[in-house]
Every structure is written in C-alpha cells, then in structure tokens.
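Chain A is the first sequence line, chain B the second, and so forth, proteins listed ahead of strands; every chain is numbered from 1. As the structure is a prediction and not an experimental result, all values here were calculated from the model.
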Amino acid sequence: MLWSRLFIPTLRENPAEAEVISHQLLLRAGYIRQLGAGIYNYLYLAQRSLLKVQQIVREEMDAIGAQEFYLPGLNPAEVWQESGRYDVMGDNMFRLKDRFGRPLCLGMTHEEVMTAIARGELRSYKQLPQIWYQIQTKFRDEPRPKSGLLRVRQFIMKDSYSFDLAPEGLDVAYEKHRIAYCRIFDRCGLEYVAVEAHSGAMGGSQSQEFMVATNAGEDYVVSSKQTGYAANLEKAVSRPVPPATPDNEAALTPEEVHTPGQKTIDEVSAFLKVHPTSIMKTLVLVADGKPYLAVLRGDHQLSETKFQSATACQEFRPAHPEEMREFLGADAGSLGPVRITTIPVLIDEALKGRKNLVAGANRDDYHLLNVTPEEDFQGAWHDLRQVAEGDTEIDTGAPLDVRKCVEIGHIFKLGYKYSKSMGLNVLDHNGVETPVIMGSYGIGIERVLCAAVELFSDSNGMSLPVSIAPFEVVLTPVKSADATLREAAGKLYAELKALHVDVLYDDRDLSPGVKFKDADLIGIPFRVNLGKKLASGLIELVNRRTKTSTDIPVAEAAALIRQAIAEARPTTAH
RNA sequence: CGGGGCGUAGCGCAGUCUGGUAGCGCACCUGCCUUGGGCGCAGGGGGUCGGCAGUUCGAAUCUGCCCGCCCCGACCA
C-alpha cells in the first residue's frame with residue numbers, strides 16, 4: 001500500500017484522556033478513535049492487525065477440529081431467561097425492546113444460544129463430540145470502562161463451546177483448547193502465562209486463564225519462577241510469613257484489657273506492644289442476608305473470592321455499623337469471636353495451632369488477651385486469606401511474586417449447568433437420555449493487540465510482532481524528491497508484493513525524520529531505508545525492536561527481506 | 001452508585017480567580033526552501049468556549065440545572 005493514499009492519522013502528542021501505554025499508542029498511532037465511554041472505532045491499522053490476530057485464532061481453532069459459526073449479537077430474552085442468566089447478569093446486560101415491546105438483549109457471551117442450537121439438533125451420542133466457535137462482537141455494559149481497549153463495552157471475542165457425552169471427553173476438548181491457546185498466543189508473539197483460575201458462579205470444575213504481565217492489567221497473578229506455580233490471586237494459596245513473635249504456649253484463659261480508642265490492628269498493636277501477627281482480626285460480613293464472622297491474622301487480608309466459596313453465597317457485603325452492634329454488642333474495632341454462638345464463625349487456616357492471641361472483646365474499648373482458637377471459641381476452618389507479597393509456595397517454600405496482569409484468554413470446564421437448565425440431552429449407548437457435558441473457551445481479540453503493545457513499546461512507539469503488525473515492512477526513501485530513490489523503492493515495492501510480503505511504501509513527500517518517527521510509532525517490525533548507499537548498491541534493513549541496521553544489496557533485497565521477516569515470525573513450541 | 005478531575009480549533013494547552021474584541025504550540029492549506037530522526041521562511045483557513053437557563057449594559061469567565069469524558073473506589077459471567 002502507498003502511505004500517501006492511506007488514512008493513518010498519527011498524533012504528535014498523547015491525548016489527555018489516555019493513561020495506559022496501549023491506549024496512548026493506539027490513539028497516537030492512528031489505530032483507534034473513541035466514540036464513547038468504552039466504545040471505539042477501529043481504523044485501518046487496527047483492523048488490519050485485528051484481522052491478523054483473528055486469522056491466527058481461526059487457523060488454530062480449525063486445527064483442533066473446531067467448526068466456525070456466526071451467531072447473532074441480538075438475542076431474544078427467552079433464551080437467557082431459560083438459563084436464569086437474564087436476571088443474574090443484571091445491569092451488565094444491554095437490554096432493549098422491539099417494536100412490539102418484546103424484550104431483547106445484546107449477547108455478552110453465547111452459552112445460551114449455542115446450547116439452544118445443540119438442544120434442537122443433537123440427538124445421539126454418535127454426534128458427539130462437537131466443538132463450535134465463532135469470532136464475534138460481545139456487548140457488556142461495564143460499570144466502568146477504562147484503559148482504552150482493555151475494558152470496553154463492545155469487543156470482539158473468539159468463543160468456543162465443546163459438547164461431550166462424558167467428563168473424559170470434556171477433558172480432551174479442554175486440553176485441545178489449552179494447546180491451541182498456547183499456539184495462538186505464541187504465534188501472536190506474546191509473553192504469557194497460563195494460571196489456575198477461580199471457577200466462580202459458573203459452577204465449573206476447572207479453569208485456566210491466559211495472562212500477560214503488565215501494569216495496565218486489573219488481575220493479580222501469583223507465581224513462582226523456581227517451580228512454575230502460577231495462579232490468579234483470587235485462587236492462589238501460599239505459606240504465610242511466620243508470626244513475628246512466638247506464642248506463649250501456657251494454658252491461659254482470656255483476660256479483658258482496657259484499650260480506649262484503639263480500633264485498628266496497628267493501633268491495638270502499638271498500644272498493647274503486641275505484633276499484628278499475634279492479633280486476630282474479626283470481620284463481620286453479611287452473605288445472602290445472613291451474618292458471618294471471619295477471623296484472620298491481624299496482618300492478613302480477607303480474600304473475597306475465598307470467602308464467597310467458603311460460604312457458597314451469591315453475594316456478600318461488610319456488615320453495617322448498626323448490624324455489628326446488633327450482632328456483637330460493640331463497634332468495629334473491638335469485635336471478636338469469643339462467646340459467639342448464634343453466628344457462624346469462619347477461621348482462617350493461618351491461625352491453626354496458634355495460642356494466646358489478642359482479639360476484640362465485643363465490648364467497646366476492650367480487647368481480650370490469651371485467646372486460643374478452638375479452645376476459647378469455635379468455628380469452621382477455611383482458607384480465607386489472600387496471598388500477600390512475601391509469602392512462599394505452600395509445598396516447596398519457594399518465593400512467590402505477585403504481578404499485575406491482563407487476561408487475554410480463559411478456558412473453562414462448564415459441566416452440566418447449561419445442558420441441565422436448558423434441557424440439552426442425547427441418547428447414550430444404552431438409549432438412555434443423558435445430559436451433555438460442556439466447556440466454554442474465550443479469547444479477547446483486542447486484548448491480544450493491547451497486550452502486544454503493552455509488552456513491546458519504547459519512547460518512539462509500539463513495536464509489534466511481525467505476525468500481528470498491520471504491515472511487515474515499510475519502505476522509506478530518505479529523500480522523497482530523489483527520482484533514483486523513488487524508482488528503486490517502487491521497484492522493490494513491486495518485488496516484495498510479488499513475494500506476498502505485507503509491505504507499506506512510504507511515498508509521502510515529507511522529511512525523513514517525520515517518516516522515521518511515523519514508522520516507529522505505528523510499530524512496523526522492519527523498515528527499509530533507501531538513501532545515500534544506494535549509489536553503491538546498498539540499502540538498510542532496520543529492525544524496529546532491536547534498532548539494529550543491516551546493509552543489504554538492493555539486487556537481492558526482496559528475498560533477504562522476506563527471509564528476515566520469516567525468521568522474525570514468532571514460532572510455537574506447543 | 002460514592003469520591004476526585006476535566007470539557008476553549010483536529011491534538012496539546014493558556015485565558016475563568018478579578019466579566020469588557022477568543023489566544024498560543026502542533027496539525028491543516030498556498031508558495032518558496034530543505035531532505036539520514038517530528039526542517040526553515042512567508043502568507044492563510046478553521047471556534048455556537050459541552051448544553052440549557054439565569055444574573056448583567058455586556059458572560060468562555062459569575063449562579064443553577066443537565067450532558068459528556070477520564071481517574072480512584074464499589075462492581076466486574
């Protein structure tokens with residue numbers, strides 16, 4: 001393509017509203033423009049790049065025998081009512097009515113529609129297994145769209161769904177997807193990690209997320225370089241930092257102490273001269289309308305996900321101050337688990353074996369010394385604690401890192417949730433109606449591009465992997481007025497096109513600096529400079545990412561460029 | 001939904017406190033010049049100052065209401 005004919009509106013300065021790198025660069029490089037909060041126009045460069053991502057996804061999905069569909073984004077409410085998610089999705093679902101007043105919604109995902117298709121057509125185990133997928137637009141009314149293309153209200157997703165007769169079949173489909181996802185992200189040139197994920201309210205049994213480490217991300221991943229352990233913070237387990245001081249092992253009974261005005265763990269710690277690791281914090285939570293106490297070590301944080309799992313609740317919130325007083329007879333700051341019999345008490349496992357700790361007395365401005373779990377109060381043991389910086393791996397004691405990540409893909413064993421709620425059954429070998437077991441698997445297409453920009457950029461702009469860059473190479477005659485350079489560039493352009501190289505020819509009448517800056521900004525992996533050295537038959541091949549330059553003979557340039565691109569193309573080990 | 005910030009030319013901003021002819025840089029158009037990292041010179045075009053209402057002789061500026069966008073939090077199958 002000739003740059004002079006293209007619409008690539010690059011900006012010299014960062015638009016004020018963009019904070020994260022990928023947002024800034026995608027705007028500056030003329031890939032995208034914003035239409036509204038969480039709604040973006042994808043211009044020429046973004047579309048070229050996203051189509052390349054989609055093509056890689058398509059090839060790898062096809063390679064595992066998945067069949068491409070294309071389902072409507074506009075859905076009748078009934079399908080979603082059947083699965084129960086019409087209510088569950090709440091305000092996150094865009095809803096509308098047709099001219100007759102019938103309720104419709106915009107699809108957030110397509111388990112329901114896929115299940116509805118399967119239910120209508122699949123009759124026999126002989127038709128299984130099936131893997132169906134699509135690359136299609138999703139709509140989610142996010143409470144807070146943010147970070148450019150990372151959290152938006154309309155986005156493209158590759159979603160696939162597997163249908164099997166038995167769990168062993170689901171295991172196969174899941175594993176096929178895991179490998180396909182690795183191949184996809186490898187080929188897209190990303191650095192990523194597959195982590196254990198929380199299965200959530202979807203009710204599934206196993207789930208992995210594909211994560212790219214970047215500060216722009218919203219998820220936290222706990223991992224160990226030594227052992228390869230990697231899990232979403234929501235699900236991660238660890239060995240906590242040991243208590244700062246040993247417990248008094250004597251058989252003591254609780255003793256009330258006056259702690260006027262000392263409410264937070266830090267205040268109580270300073271006042272009583274007891275380290276926070278020897279204090280218990282007591283949280284009052286209301287889950288599905290019922291109160292619970294959660295007891296954790298003073299320096300630990302409650303994991304909301306783990307608490308939700310432990311209570312198997314749909315939703316929960318911290319108790320209001322009036323409720324705390326009603327349930328426990330004291331205000332936050334003096335709450336404790338001792339002599340609580342009417343409210344379920346959940347104790348974090350990090351407190352197992354601990355003795356003679358400090359806890360609130362359930363009397364304003366008083367705490368108890370010498371409180372021992374299971375002696376002085378009873379409760380159910382659960383892992384409630386969120387992994388923290390400094391923790392170590394639970395089995396090996398290896399150090400753990402906590403890193404911010406963005407989720408680019410998710411694979412999920414659904415089980416029978418949709419087949420049962422929507423009546424998807426087939427006849428098995430014995431002619432008995434059996435529910436089909438399902439899996440669902442997603443890739444956020446725009447997030448792949450964003451993640452690549454986040455991973456690979458410098459002060460001059462983005463530096464995309466050749467496999468997903470909008471062009472593989474850009475030709476830059478240094479002097480635009482020089483007829484010899486123009487002729488050589490035109491010839492090389494034709495040769496590269498003949499070799500099916502994705503080439504952009506910067507034929508604009510601009511100073512070299514502008515062309516170099518633009519080429520760097522939009523992230524084309526290779527640039528060919530045609531300049532002075534052409535007189536001696538040489539041109540320069542510049543690598544965007546390494547900033548290294550090689551002189552190559554113009555006569556063999558097309559073949560050498562094609563070879564350089566081929567060598568730079570990300571490979572897959574999977 | 002709670003807290004904070006911002007809406008002035010395509011982009012980045014000043015002007016608003018203290019009301020009085022709407023500005024700067026970049027980008028854009030014309031011509032000349034230049035050509036190895038966002039050149040130079042000259043000339044030029046582009047604005048309902050987010051919207052509505054009010055106060056005033058007079059509102060970008062003061063007041064009220066509304067809208068939009070960004071950030072933090074809540075939320076996030």
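Between A/I8 atom CD1 and B/A27 atom C1' the separation is 16 Å, expressed in whole Å. Between the CG atom of A/D159 and the C1' atom of B/A77 there is a distance of 13 Å, rounded to whole Å. For the pair A/E304 CD and B/C76 C1', the computed distance is 12 Å after rounding to whole Å. Counting to the nearest Å, the P atom of B/A77 and the CD atom of A/Q81 are 21 Å from each other. Whole-Å rounding puts the A/L485 CG to B/G36 C1' distance at 11 Å. One can place CG of A/L35 at 12 Å from P of B/C70, the figure rounded to the nearest angstrom. Between the CG atom of A/N215 and the P atom of B/C71 there is a distance of 15 Å, rounded to whole Å. Between A/K479 atom NZ and B/C39 atom P the separation is 18 Å, expressed in whole Å.
B/C28: Watson-Crick or G-U partner is B/G44, with both key distances under 3.5 Å. Base pairing of B/C17 is not made with any nucleotide, judged by Watson-Crick or G-U wobble geometry with both donor-acceptor distances under 3.5 Å. Base pairing annotation: B/G64 forms a Watson-Crick or G-U wobble pair with B/C52, both donor-acceptor distances under 3.5 Å. The pairing partner recorded for B/C69 is B/G5, the criterion being a Watson-Crick or G-U wobble arrangement whose two distances lie under 3.5 angstrom.
Pairs of residues two or more places apart, or lying in two chains, that qualify as salt bridge (Lys or Arg N to Asp or Glu O under 4.0 Å) and include a residue from residues 316-326 of chain A are A/R317-A/E323, A/R325-A/D331, A/R325-A/D364. For residues 503-516 of chain A, the pairs satisfying salt bridge (Lys or Arg N to Asp or Glu O under 4.0 Å) are A/D506-A/R508, A/R508-A/D518, with sequence neighbours left out.
Nucleotides B/G3 and B/G46 have their P atoms positioned 43 Å apart, rounded to a whole Å. Taking the C1' atoms as reference points, B/C17 lies 25 Å from B/G25, given to the whole Å. Taking atom P on both nucleotides, B/A27 is separated from B/C71 by 28 Å, rounded to a whole Å. For the C1' atom pair drawn from B/G5 and B/A9, the interatomic distance equals 23 Å after rounding to whole Å. For the C1' atoms, the distance linking B/G47 with B/G15 amounts to 15 Å, nearest Å. To the nearest whole angstrom, the two C1' atoms, one in B/U8 and one in B/G50, are 10 Å apart. Across the C1' atoms, B/C67 and B/C52 are found 10 Å apart, a figure rounded to whole Å. Comparing B/C33 with B/G20, their P atoms sit 46 Å apart, to the nearest whole Å.
Out of B/C70, B/G37, B/G38, the shortest distance to the side chain of A/D520 is found at B/G37. The side chain of A/V514 lies closest to B/C39 when the candidates are B/C70, B/C39, B/C76. For A/L521, whose side chain is taken as the heavy atoms from C-beta onward, the closest listed nucleotide among B/U35, B/C69, B/G38 is B/G38. Side-chain proximity of A/N92 to B/C76, B/U35, B/G38: nearest is B/C76. Relative to the side chain of A/Q34, the nucleotides B/C69, B/U35, B/G36 differ in distance, and B/C69 lies closest. When each of B/A77, B/C26, B/C75 is scored by its nearest atom to the side-chain atoms of A/R85, the top-ranked nucleotide is B/A77. Closest to the A/R527 side chain, of the nucleotides B/G38, B/U35, B/G37, is B/G37. Of the candidates B/C39, B/C70, B/G37, the closest approach to any side-chain atom of A/K517 belongs to B/G37. Proximity note for A/N460 (side chain, C-beta onward) versus B/G37, B/C75, B/C39: the nearest is B/G37.
Looking at heavy-atom distances under 4.0 Å, A/D482 makes no contact with the nucleic acid at all. Using a 4.0 Å heavy-atom criterion, one finds that A/P145 contacts the sugar-phosphate atoms exclusively. Across all strands shown, A/A18 has no heavy atoms under 4.0 Å from either base or sugar-phosphate atoms.
Ion pairing between A/K417 and A/E111 fails under the 4.0 Å rule for side-chain N and carboxylate O. Between A/E487 and A/K491 there is no salt bridge, since no side-chain nitrogen of the basic residue lies less than 4.0 Å from a carboxylate oxygen of the acidic one. A salt bridge is absent between A/R144 and A/E218: the closest approach of a Lys/Arg side-chain nitrogen to an acidic carboxylate oxygen does not fall below 4.0 angstrom.
Comparing A/M157 and A/R12 by the nucleotide of RNA chain B whose heavy atom lies nearest to each, the residue mapping closer to the 5' end is A/R12. When the nearest nucleotides of RNA chain B are assigned to A/E142 and A/H23 by heavy-atom distance, the more 5′-ward of the two goes with A/H23.
Proximity of A/K515 to the phosphate of B/U35: no side-chain N or O atom is located under 4.0 Å from OP1 or OP2. Phosphate proximity of B/C72 to A/R144: present, with a side-chain N or O under 4.0 Å from OP1 or OP2.
Not counting sequence neighbours, A/E17 has no partner by the salt bridge (Lys or Arg N to Asp or Glu O under 4.0 Å) test. With sequence neighbours excluded, no residue satisfies side chain to side chain contact (heavy atoms under 4.5 Å, CB included) with A/A16. A/K176 pairs by the side chain to side chain contact (heavy atoms under 4.5 Å, CB included) definition with A/I64, A/I131, A/V172, not counting sequence neighbours. In this view, A/D164 and A/P129, A/S162, A/A173, A/I437 satisfy the side chain to side chain contact (heavy atoms under 4.5 Å, CB included) rule, not counting sequence neighbours. Legend: residues meeting side chain to side chain contact (heavy atoms under 4.5 Å, CB included) with A/A118, ordered by chain and number and at least two apart, are A/L122, A/W132, A/F163, A/L424.
The distance from the CG atom of A/L6 to the CG atom of A/L45 is 8.0 Å, given to the nearest 0.5 Å.
When the shell of 6.0 Å around OH of A/Y220 is examined, it contains 12 or fewer heavy atoms from other residues, nucleotides or ligands.
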Pull out every protein N or O sitting under 3.5 Å from an N or O of nucleotides 8-12 of chain B, one pair per line with the distance.
from  : atom 1 : to    : atom 2 : distance (Å)
B/G12 : OP1    : A/A16 : N      : 2.7
B/G12 : O2'    : A/E13 : OE2    : 3.3

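A heavy atom closer than 4.0 Å to some atom of RNA chain B occurs in A/K532, A/E540, these being the qualifying members of residues 532-551 of chain A.
No option in A/E196, A/E234, A/M211, A/K404 other than A/M211 meets the side-chain contact (heavy atoms from CB on, under 4.5 Å) test with A/V221.
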